[in-house]
Amino acid sequence: MSTYRKYDEGYKKLFSNKENLIWFLQDVLNEERFRRIEKNDIEIIATESINKKWQKKSSDIVYKIKYKDSFFCLTIEFQSREDKRILHRLYEYMHLIQIKNKVNGEIPVVVPIVLYNGISHWKPNEQYSEIILFAEDFSEYAQNFKVIFLDIKSIPEEKLISASNVLAIAMYIDQVSNNPERVLNRILNLRGKIHLNWEQREELADWLYEVILRSYGVSEEEAEEMFKKSGLEVDEMFSSTAEKIKQGIEREKKKIAKEAMKQGMKQGMKQGMKQGMKQGMKRAMKLIAKQMLKDNQPIELISKYTGLTPEEIKKLK
């Protein structure tokens, strides 16, 4: 499983925690209409596929959220790479969500959110009408919706550190997930700054194992023993996880060095053999040239058959 895939799976689990979702909607997105959402207003209606008929048309996670005397739906897509078809996929997902959750013939609003954690800069179209030909000319007919697109690297570090929840911690670390050294430094930097309740500590331990430690070869039993010794104290979990990352980085460096040495030796032997053959051929041509000189053959002819320059042949006399 790739690094980004692990983070995506980790996000699905963290966004299944309604308190994490409320913090994200109200503190990160800061959308006024999300201000009054409470935990009891939220129902998770899908984390895999929309329905059996459309199993391949799956959104990452879908919520039904109470609003006035009814509800609206919200879907979050986790993206680790650019996808030119993202608006097309969202359009399909949103329609399926609406059909499945219609009430008395009316369909709910679906708010689409794309959470991006890829390496390259990506800024997709946020309005569906922007990818429709002549949408401006036929504005009353052209389908349209707006996407909330968020690159996690754009979230201020201080906002994530001060939040003191596991989703914020995951995002803070994920901002540098392509660089193990920086991941290590960020985990160490969190010590003394994060305060979690017991339930959140268990959530943190699960996330650290599933997303971070497993990628460095730490077994489930080893992780359980490690966290048991820490007493699920937050700083202790960060320190022990950082130590495992440090060990993993050292192993990887040794592996790379060993492979580089192996490749270097292989290349050196290959070049040596090639150079040796070249030098051997040169000596053979010189012997032939000497014999031809003894037979009083003209230098031009000797050069033609041996590939030696006239100057090289003259030196053999």
Side-chain angles (χ1 to χ4, degrees), residues 2-5 7-12 14-15 21 23-35 37 45-51 54-65 67 71-102 106-156 159-160 167 170-171 174-178:
S2 70
T3 300
Y4 288 116
R5 180 64 174 166
Y7 275 86
D8 290 351
E9 292 298 326
Y11 279 133
K12 281 186 183 181
L14 294 177
F15 271 99
L21 175 67
W23 167 79
F24 176 75
L25 295 178
Q26 296 180 351
D27 287 32
V28 177
L29 297 185
N30 197 27
E31 223 280 7
E32 186 60 35
R33 283 164 290 190
F34 299 154
R35 284 284 167 204
I37 296 175
I45 58 176
T47 56
E48 292 299 333
S49 58
I50 306 302
N51 56 33
W54 295 89
Q55 284 182 351
K56 293 183 180 180
K57 307 295 185 183
S58 59
S59 181
D60 283 327
I61 190 163
V62 183
Y63 308 89
K64 183 187 288 186
I65 300 176
Y67 184 74
F71 65 91
F72 69 93
C73 292
L74 185 146
T75 179
I76 301 179
E77 279 286 306
F78 307 111
Q79 286 290 131
S80 57
R81 57 179 60 86
E82 295 182 37
D83 182 359
K84 294 181 180 179
R85 296 195 69 256
I86 185 66
L87 290 181
H88 297 297
R89 290 198 297 108
L90 285 171
Y91 181 74
E92 293 178 4
Y93 299 160
M94 291 165 66
H95 178 65
L96 292 169
I97 293 168
Q98 289 173 322
I99 295 301
K100 187 174 181 181
N101 293 281
K102 61 184 177 181
E106 294 183 321
I107 59 175
V109 168
V110 178
V111 178
I113 298 173
V114 175
L115 188 64
Y116 176 63
N117 67 338
I119 298 174
S120 61
H121 176 73
W122 180 37
K123 187 65 176 175
N125 298 104
E126 294 184 355
Q127 297 279 352
Y128 189 72
S129 61
E130 292 174 350
I131 63 171
I132 298 178
L133 285 173
F134 309 119
E136 293 182 0
D137 295 341
F138 297 88
S139 58
E140 68 269 41
Y141 304 111
Q143 303 92 328
N144 194 29
F145 60 85
K146 181 181 179 180
V147 178
I148 299 174
F149 178 84
L150 180 67
D151 186 332
I152 66 155
K153 291 189 289 296
S154 68
I155 306 174
K159 179 183 283 290
L160 297 175
L167 177 57
M171 289 180 168
D174 190 14
Q175 287 181 332
V176 296
S177 60
N178 63 310

Verdict with reasoning, Tyr11 to Asp174, per side-chain hydrogen bond (donor to acceptor under 3.5 Å, both in side chains) | CA-CA 10 Å; Tyr11 279 133; Asp174 190 14; 2.7 Å; yes
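- No donor-acceptor pair closer than 3.5 Å links the side chain of Lys153 to the backbone N or O of His121.
- Applying the 6.0 Å contact sphere to OH of Tyr67 captures no more than 12 heavy atoms from other residues, nucleotides or ligands.
- A distance of 11.0 Å separates CD1 in Ile113 from CD in Glu77, rounded to the nearest 0.5 Å.
- Atoms OH and CG, from Tyr63 and Leu21 in turn, are 4.5 Å apart once rounded to the nearest 0.5 Å.
- In this structure, Trp122 and Phe149 have perpendicular ring planes: the angle between them is above 60°, well past the 30° mark.
- Here the closest heavy-atom approach between residue Arg81 and residue Gln79 is recorded as O-NE2, 3.0 Å.
- No donor-acceptor pair under 3.5 Å is formed between the side chain of Asn125 and the backbone N or O of Gln127.
- Distance check, rounded to the nearest 0.5 Å: CG of Leu74 to CD1 of Ile45 gives 10.0 Å.
- Closest approach of Ser80 to Tyr116, counting heavy atoms only: C-CE1, 3.9 Å.
- The shortest side-chain heavy-atom distance between Met171 and Lys159 does not fall under the 4.5 Å cut-off.
- Classified by interplanar angle (parallel below 30°, tilted 30° to 60°, perpendicular above 60°), the ring pair His88/Tyr128 is perpendicular.
- Here the side chain of Glu126 pairs no donor or acceptor atom with the backbone of Lys146 at under 3.5 angstrom.
- Here the straight-line distance linking atom OH of Tyr91 with atom CG of Asn144 works out to 10.5 Å at 0.5 Å rounding.
- In terms of heavy atoms, Gln175 sits closest to Leu160 at NE2-CD1, 3.6 Å.
- A donor-acceptor contact shorter than 3.5 Å is absent between the side chain of Glu82 and the backbone of Gly118.
- The two residues Ile61 and Lys12 have their closest heavy-atom pair at CD1-O, 4.0 Å.
- Phe71 and Asn101 get closest at one heavy-atom pair: CZ-O, 3.4 Å.
- Residue Leu14 comes nearest to Ala170 through the heavy atom pair CD1-CB, 3.6 Å, listed as atom of the first residue, atom of the second, then distance.
- Rounding to the nearest 0.5 Å places CD1 of Ile37 at 10.5 Å from CZ of Arg35.
- In this structure a side-chain-to-backbone donor-acceptor pair under 3.5 Å is missing from Lys84 to Pro124.
- Within 6.0 Å of the CD atom in Gln143, the count of heavy atoms belonging to other residues, nucleotides or ligands exceeds 12.
- The structure places CZ of Arg85 at 10.5 Å from CG of Leu90, a figure rounded to the nearest 0.5 Å.
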